[in-house]
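Beneath this line is the structure, given in structure tokens, with notes to follow.
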2 protein chains.
Amino acid sequence: MVRALKYAILGLLSQESCSGYDLSMALSGALQEFWSANHSQIYPELKRLSEEGLVDYQVEISGNVLERKVYSLTEAGRADFLEWLHREEDIASPPKDVFRLRMFFANEMEPERRRDLIAHELTLHRERLARLRGKREQFAVPPEPSSPALGDYMVLTGAVRREEASCEWLSWCLTVLDGAATDTEEKGNENV
Amino acid sequence: MVRALKYAILGLLSQESCSGYDLSMALSGALQEFWSANHSQIYPELKRLSEEGLVDYQVEISGNVLERKVYSLTEAGRADFLEWLHREEDIASPPKDVFRLRMFFANEMEPERRRDLIAHELTLHRERLARLRGKREQFAVPPEPSSPALGDYMVLTGAVRREEASCEWLSWCLTVLDGAATDTEEKGNENV
DNA sequence: CGCGACATGTAAGCAGTTACATGATTAT
DNA sequence: ATAATCATGTAACTGCTTACATGTCGCG
């Protein structure tokens, strides 16, 4: 994956200097819709980036003794990030998806169980979609193309679209399996 | 990922006994839209499955000396596969996506370059979509829910939906960045 | 005083990619 | 002949997850 985490970290630091803990929160919070990482991956990566001279840090004390390393981009780090950001990369291979792998073998499932599994998956994706739509509604108006909120807004919209597509597909699966084989080009949006 | 490759292999073998090479072709061919694996991962996994008693094989000779190990499911293998197939699993975390990670930092890109990168990505996804639609059109009519073609048809439809959503999102990104901030609930399907 | 959030790290192991390594068969 | 495809394996490395390990701070 050619060190994607490295650039996720550099990118976040380019917006604001922060600690490993803060990065960990970001990568299991807002960004989590398209990139995630645990602290056990972040701390070693920060150490490495520091050794590579792409970031540096100063130790702050919260309270009396609790140490907090606040990382910031070096010039080299910012240059490296911007080079990556503007690079043209090949299209990624389609994402792996265990649920779809199982659906590939759908004909070997017991019909009732199959229906339940799909219905359950649909419920979970609808919940995720509702949560994403809620977050998206917090943007009253699209941000300026130069504002840091732009990326947030764009990827959030992408995540909503992705979940809509999942929900549509799962709804369609249910109708196909009910024998009511409907036109595949149906609108289907009432299911979302 | 709790040994997804194991079940991909068991599932394929439940449809038809075949060699590691055949599995390798399947996992870099038809199934590739939602699961993939290289031969360097498949051969060791087959060895392990054999040791676990979930598959067995017989050596066939193609031509004069070329050996070909044809694997088939054992009873234990079939039972293990069916148990997995009917298991209710948690929803997967959202798939990682490097392009979207980059778009999260879109405000730091040079506007023209940004436009080019998105337009290029859109072209690639449109190509993938066209290829998937072509494959899907080979199904004149939806397969019977008990036929082995069912899974194929279902996941192919899901892949089409996924790519449509990607194309719609990328088109939308272009219009947003052009300053012509349009309603986010627009149909947008003329872009796909 | 206890709980949840803040804060930082390491270790073991699994999954997956790229590269190394070899050789036979078939079609042009 | 030679290139593409068939066929099977191993080694080294990267990325990621789960678990181990420790301790502070602020609030109720």
Side-chain angles (χ1 to χ4, degrees), chain A residues 1-9 17-29 31-32 34-52 55 57-71 89-90 92-98 101, chain B residues 1-10 17-29 31-32 34-52 55 57-71 84 89-90 92-98 101:
Chain A
M1 244 165 240
V2 290
R3 301 193 65 187
L5 178 62
K6 163 184 167 179
Y7 294 106
I9 291 174
S17 295
C18 61
S19 68
Y21 185 82
D22 296 331
L23 292 169
S24 170
M25 291 299 102
L27 285 165
S28 58
L31 277 78
Q32 170 247 31
F34 51 92
W35 208 268
S36 63
N38 301 325
H39 76 273
S40 59
Q41 205 185 350
I42 291 165
Y43 290 118
E45 185 66 32
L46 280 169
K47 192 180 175 186
R48 183 175 171 186
L49 291 173
S50 182
E51 283 160 7
E52 291 171 335
V55 303
Y57 64 90
Q58 47 197 112
V59 177
E60 288 184 1
I61 304 291
S62 321
N64 296 312
V65 291
L66 188 60
E67 291 196 355
R68 176 185 152 88
K69 292 185 183 173
V70 179
Y71 288 86
E89 288 193 342
D90 291 342
S93 50
K96 295 191 175 185
D97 186 322
V98 184
L101 176 62
Chain B
M1 246 162 239
V2 290
R3 301 194 63 189
L5 178 62
K6 163 184 166 178
Y7 295 106
I9 291 175
L10 294 182
S17 295
C18 61
S19 69
Y21 185 81
D22 296 330
L23 291 168
S24 169
M25 291 299 103
L27 286 164
S28 59
L31 278 77
Q32 170 247 32
F34 52 92
W35 208 268
S36 63
N38 301 325
H39 76 273
S40 59
Q41 204 184 351
I42 291 165
Y43 289 117
E45 186 65 32
L46 280 169
K47 192 179 175 187
R48 183 175 172 186
L49 292 173
S50 183
E51 284 160 6
E52 291 171 335
V55 304
Y57 64 91
Q58 49 197 113
V59 177
E60 288 184 2
I61 304 291
S62 321
N64 296 313
V65 290
L66 187 60
E67 292 195 354
R68 177 185 151 87
K69 293 185 184 174
V70 180
Y71 288 86
W84 169 79
E89 288 194 341
D90 290 341
S93 50
K96 293 191 176 187
D97 186 322
V98 183
L101 176 61

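Residue numbers begin at 1 in each chain, while the letters A, B, ... track the order of the sequences.
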A:Gln58 atom CD is separated from C:dA7 atom P, nearest whole Å, by 15 Å

What are the atom names and distances for every N/O pair under 3.5 Å that joins the protein to nucleotides 12-18 of chain C?
residue: C:dA15; atom: OP1; partner: B:Arg3; partner atom: N; Å: 3.0
residue: C:dG16; atom: OP2; partner: B:Gln41; partner atom: NE2; Å: 2.8
residue: C:dT18; atom: O4; partner: B:Ser40; partner atom: OG; Å: 2.6

Closest non-hydrogen atoms of A:Val55 and A:Tyr71, given as atom of the first, atom of the second and distance, are CG2-CD2, 3.8 Å

In this structure, CZ of B:Phe34 is separated from CG of A:Asp97 (nearest 0.5 Å) by 9.0 Å

Students should find that the end-to-end axis angle of the helix from C:dC1-D:dG28 to C:dT28-D:dA1, with five pairs defining each axis and rounding to 10 degrees, is 30°

Rounded to whole Å, the CD1-C1' distance (B:Ile42 to D:dC6) equals 14 Å

Hits for side chain to side chain donor-acceptor pair (under 3.5 Å) against A:Lys6, two or more places apart or cross-chain, chain-then-number order -> A:Asp80

B:Ala37 and B:Leu5 have their tightest heavy-atom pair at CB-CD1, 3.8 Å

In this structure, NE2 of B:His39 is separated from CE of B:Met25 (nearest 0.5 Å) by 9.5 Å

Tell me, do A:Pro95 and B:Lys96 make a side-chain contact under 4.5 Å, heavy atoms counted?
no

Looking at B:Tyr21, I'd like to know whether one of its side-chain N or O atoms comes within less than 4.0 Å of OP1 or OP2 on D:dC6. yes

In B/S/- notation (B base, S sugar-phosphate only, - none; protein heavy atoms under 4.0 Å), nucleotides 20-28 of chain D written 5' to 3' is ---BSS---

Whole-Å distance, A:Leu46 CG to D:dG15 P, equals 15 Å

Q. Hey, is the side chain of A:Tyr43 poking within less than 4.0 Å of OP1 or OP2 on C:dT8, counting only N and O atoms?
A. yes

Rounded to whole Å, the CE-C1' distance (B:Met25 to D:dT8) equals 12 Å

To the nearest angstrom, the CZ-P distance between B:Arg68 and D:dT5 comes to 17 Å

Atom CD of B:Glu51 and atom P of D:dG9 are separated, to the nearest Å, by 12 Å

To the nearest angstrom, the CG-C1' distance between B:Asp90 and D:dT17 comes to 15 Å

By side-chain contact (heavy atoms from CB on, under 4.5 Å), B:Ser28 pairs with (sequence neighbours left out) none

In whole angstroms, the gap separating P of D:dG15 from CG of B:Leu101 amounts to 14 Å

Requested in this report: Could you tell me whether the phosphate oxygens of D:dT8, OP1 or OP2, come under 4.0 Å of any side-chain nitrogen or oxygen in B:Lys47?
Outcome: no

Minimal heavy-atom distance between B:Leu101 and A:Ala4, with the atoms involved, is CD2-O, 3.9 Å

Please list, one pair per line, the donor and acceptor atoms closer than 3.5 Å that link side chains of residues 41-49 of chain A to other protein atoms, with sequence neighbours excluded.
residue: A:Glu45; atom: OE2; partner: A:Arg3; partner atom: NH2; Å: 2.6
residue: A:Arg48; atom: NE; partner: A:Glu52; partner atom: OE2; Å: 3.3

Hey, can you pull the donor-acceptor pairs under 3.5 Å for the side chains in residues 57-69 of chain B, sequence neighbours left out?
residue: B:Arg68; atom: NH1; partner: B:Ser19; partner atom: OG; Å: 3.4
residue: B:Arg68; atom: NH1; partner: B:Asp22; partner atom: OD2; Å: 3.4
residue: B:Arg68; atom: NH2; partner: B:Asp22; partner atom: OD2; Å: 2.9

